[in-house]
Amino acid sequence: MSEMFRDKVEIDLTVNGEAVQARVPAGQHAVDFLRQELGLTGAHASCEHGVCGACTIRVDGETVRGCLTLAAQLDGADIWTVEGLSDTDAIRDLQDAFVARNALQCGFCTPGMLVAVEELLAKGGVPDRAVIREHLSGNYCRCTGYEAIVDAVESVAQKRTGKVTS
Amino acid sequence: MKASVGGYARATDLQHAIKLLDSADGMARVLAGGQSLVAAMNMRLTAGDLLVDISRLSELRGVTDEGDTIRIGALTRHVEVGDNALIKEHAPLLADAVKFIAHATIRNRGTIGGALAHADPAAEFPACVLALGATLQIMGPDGGRTIAVEDFFLGLFETDLEPEEVLMAITIPKAEAGERQVLQEVTRRSGDYALAGLCLVKRQAGHRLTMLSVGEQPELATGAMAMLDAGNIDGAVAALRAEIDPSSDTNASASYRRHIAGVLLRRAVDQMTGDVR
Ligand SMILES: Cc1cc2nc3c(=O)[nH]c(=O)nc-3n(C[C@H](O)[C@H](O)[C@H](O)COP(=O)(O)OP(=O)(O)OC[C@H]3O[C@@H](n4cnc5c(N)ncnc54)[C@H](O)[C@@H]3O)c2cc1C
Ligand code: FES
Ligand code: FES
């Protein structure tokens, strides 16, 4: 029966714009594949049950929990991590705003925050602070108390839309 | 923790999925969005499963207009349910429910079929589809079958689905002219499972009322429904508090949940009649 099921799965995908081929254990999490096989340690593995958001990555244009996605499911997918978004300067303004506003302390949550925030900002406009908080409700930060993060996100949204600068 | 998986197979179409499930002697498990299953595997609530990944089956995804009903494919993701024009017009309860479910990133992946098959009594969609009187379409090795939602939920995380069956789609009667559908719930933080929640549908034939997080499975609160049909709100609140059987846990006591049930019912009725909440 189970020869139809594999304990190693071939995947062919794009990570941060580069083609990757791999053979992954059936139960390996996407975030562990990125960290351990590709050395992309930006996305963090923390709670490993979908609660904290530290493992947030972008898969085919949408944010996804790296701990609730198996690497085996990524065949054909287009993956972006905080490293790729940094190298292409796609989130440079957001990173600068996080620094300027003290929106990180230990930085553990920051890669997941940035990927999640970028999904919201890509929709355009200046979201209400309540909308920013709601969008980030699945990303825990144990240091900052969130206020500075919301400030940073709001200021980037304003700058990107050409409204009020500060 | 890390998941322990017995094996993985990617289904190429529905028949292939059924064949894979049927070949595994009950060891196989459907993998849809993975937002409950992978979490359960990580917590080692389940181990050694042979995973049948159905997430690529495009025939199970999307919403279609079927005249008096709409059909929602099992793989339609939460985010899509919330944005879909047919659902907003004909089953607004489901679209409204989405903002209460988890967080944006989880809504990008979680599917309505997965939520129903998982049958978590604290989840929104099971209570909603019961309040709406949906019909479920299921495919198995012996062909397709249809089941009324009233017969689908059998207990805590338990449904009528056999291990080698796949939930294909959910059919919902279109809201009639003047029909009202309301969801009310109490949570501690955005995205948490509700401490208690309530779905209320008002149709010409009468009210339908279900609750989440107050029992082992979603159930119609028939006593409260009869009182609402008779126009007796106080009676409905008393009946509802008497007929539910909530448990106490670290989040809320049973008596608090029972109290909240009545509060939610009054809020739902106010929302329907347009009073300020
Ligand atoms: C942090 C967090 C918070 C959450 N909060 C909420 C919340 O507030 N409210 C809420 O309702 N949910 C919540 N969820 C759960 C989420 O909605 C899940 O997406 C959903 O319950 C399962 O859908 P899935 O597609 O991910 O299913 P999977 O995880 O892939 O599968 C779940 C179960 O259903 C079976 N299954 C899936 N699809 C089918 C099918 N088509 N046919 C037969 N069997 C099938 C699987 O075998 C498995 O047993 C939360 C999840 C997380 C991680
Ligand atoms: S590690 Fe994935 S959400 Fe916490
Ligand atoms: S900066 Fe430390 S967890 Fe957010």
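Note on naming: letters A, B, ... go to the chains in the order of the sequence lines (proteins, then strands), and numbering restarts at 1 for each one.
What you find for A/Q73 and B/Y8 is that their closest heavy atoms are CA-OH, 3.8 Å. Considering every non-hydrogen atom in both A/F5 and B/L20, the closest pair reads CZ-O, 3.7 Å. Scanning both residues, A/M4 and B/S23, for their nearest heavy atoms gives SD-OG, 3.7 Å.
Counting heavy-atom pairs under 4.5 Å between each of A/H49, A/E119, A/H135 and chain B puts A/H49 at the top. When each of A/N139, A/V64, A/T69, A/V115 is checked for heavy-atom pairs under 4.5 Å with chain B, A/V64 comes out on top. If you tally non-hydrogen atom pairs under 4.5 Å between each of B/A104, B/A40, B/G33, B/S190 and chain A, the highest count goes to B/S190.
Residues of residues 26-39 of chain A that come within less than 4.5 angstrom of chain B, heavy atom to heavy atom, are A/A26, A/G27, A/H29, A/D32 in numerical order.
Environment of NZ in B/K19: sparse, with no more than 12 heavy atoms of neighbouring residues, nucleotides or ligands closer than 6.0 Å.
Contact annotation: the side chain of A/L68 never approaches that of B/R109 to less than 4.5 Å [non-hydrogen atoms, C-beta and beyond]. Taking the side chain as every heavy atom from C-beta outward, A/L70 and B/L51 approach each other to under 4.5 Å. Counting heavy atoms from C-beta on, the side chains of B/V38 and A/R65 never come closer than 4.5 Å.
Distance check: B/R189 CZ to A/R133 CZ gives 13.5 Å after rounding to the nearest 0.5 Å. Taken from CE in B/M1 to SG in A/C47, the straight-line distance is 12.5 Å, to the nearest 0.5 Å. The NE2 atom of B/H103 sits 11.5 Å away from atom OG1 of A/T63, with the distance rounded to the nearest 0.5 Å.
The parts of B/N108 that come within reach of chain A are both its backbone and its side chain, each placing non-hydrogen atoms under 4.5 angstrom from that chain. For a residue to count as touching a neighbouring chain, one of its non-hydrogen atoms must lie under 4.5 Å from one of that chain's; by this rule B/L37 does not touch chain A.
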